[in-house]
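Okay, structure first, notes after.
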Amino acid sequence: MATREIYTTTFDEDVQTTTECPDCGSSVRTSTGETICEECGLVLEDTHLDRGPDWNRYDEQRTEKRTGAPLTPTRHDRGLSTEIGRYQDGHGNSLSSRKRRQLNRLRREQSRARWQSEANRNLGYGLGEVRRLSSSLGFGERLRNQACALFRRAQSENLCVGRSLEAVAAASVYAACRCNGLGRSRCEIVTVARCELAALSNAYNVMNVELELPAQPVSAADHLPKLASELEVSERVRRRALEFVQEAIDAGMTVGCRPAGVAAACLYLAAERCELFLSQREIATVAGVSPSTLRSRRDELLEV
DNA sequence: ACGATTATTGCGTTCTT
DNA sequence: AAGAAAACAATAATCGT
């Protein structure tokens, strides 16, 4: 295969970049086409204009190899593939029927070789599923690529045998969430996945052990960014809630409780202290817990 | 909307086969 | 060792104010 350099995106220098998060005012980080607030995790922009390779520079000496689609981990063959055409040769002339039959055979053989094995076919299908899940969950590019990388690892470690590819794909997506401290639950993933909750859990558990994922236990703090942004509370409330969460953890009262419930109660109290009176139901609903859970967590919190 | 009370669920433990 | 059962805590549902 001809030498091919990994293509890196270059942005024009005059591209406008926001340096402050409109939500909480702290600095933002831009990487791989995604702009994220460091503090609250708000995704400001996740699809930068692709100022891709310069396709039209045929008249110049092409010393740098800049053509071709970007290499991407989300395609089974990293975006590299070749198709054999049907009706024209390399100069645009039409083909004789004999030549055409020959090319048909060639194409058939080539398409078999392209999916070198069953494993490759599965990888292509699985990565497609990961992409689908990622986009329906509104992931940015970085997170999606991580999920795809996890799926590749799972497949190369033979974790797919005896499990459905859909389950492993969903587990990869969930694992990417866990490794990044996102407060997404398995149930949320299952609503868009093509597998049962039990299958997802099984696949995730085995991935967690075999791949030694750097997944931390879900903390109540992980739920705060999403809650705060959906309820559109001020930065003061947000910080106050985070303090409450920390206090609750230090007091050891979060053990055995649903992190989302703790987060909901902390946010409820924090809002109250800042003269913002949100109803229990409102907060509980977006947190995915019942109002009574919120109340019992709050009562425990008030004892500290 | 909130609080109190009751019902349900989930899960590790213990007992049985 | 595998399954059943009693027990417990957290959560959800319901009702009264």
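Here is the naming used below: chain letters follow the sequence lines, and residue numbers restart at 1 for every chain. Everything numeric here is computed off the predicted structure, so don't read it as measured data.
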What are the residues of residues 254-266 of chain A, sorted by number, that bring a heavy atom to within less than 4.0 Å of DNA chain C?
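Per residue number, the list reads A:Gly256, A:Cys257, A:Arg258.
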Got a sec? Which of residues 276-290 of chain A come in under 4.0 Å of DNA chain C, heavy atoms?
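The answer is A:Val289, A:Ser290.
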Could you tell me whether A:Glu188 atom CD has more than 12 heavy atoms of other residues or ligands within 6.0 Å of it?
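Yes, enclosed.
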Under the side-chain hydrogen bond (donor to acceptor under 3.5 Å, both in side chains) test, which residues partner [X], sequence neighbours left out?
X        : answer
A:Asn205 : none
A:Ser292 : A:Ser290
A:Ser201 : A:Arg186

Between [X] and [N], is there a side-chain N or O to OP1/OP2 distance below 4.0 Å?
X        : N      : answer
A:Tyr268 : B:dA1  : no
A:Arg298 : B:dC2  : no
A:Thr293 : C:dA12 : yes

Between A:Arg144 and A:Glu141, does any NZ, NE, NH1 or NH2 come within less than 4.0 Å of an OD or OE carboxylate oxygen?
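Looking at A:Arg144 together with A:Glu141, the answer is no, because their closest N to O distance does not fall below 4.0 Å.
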Got a salt bridge between A:Glu157 and A:Arg153, using NZ or NE/NH1/NH2 to carboxylate O under 4.0 Å?
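No, A:Glu157 and A:Arg153 are not salt-bridged.
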Could you tell me whether the side chain of A:Arg298 reaches within less than 4.5 Å of the side chain of A:Tyr268, counting heavy atoms only?
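The answer is yes; the side chains approach within 4.5 Å.
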Find the distance A:Glu272:CD to B:dC2:P and express it as a whole number of Å.
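Interatomic distance, CD of A:Glu272 to P of B:dC2: 9 Å.
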If you restrict it to nitrogen or oxygen atoms, what contacts under 3.5 Å exist between nucleotides 7-14 of chain B and the protein, and what is each distance?
none

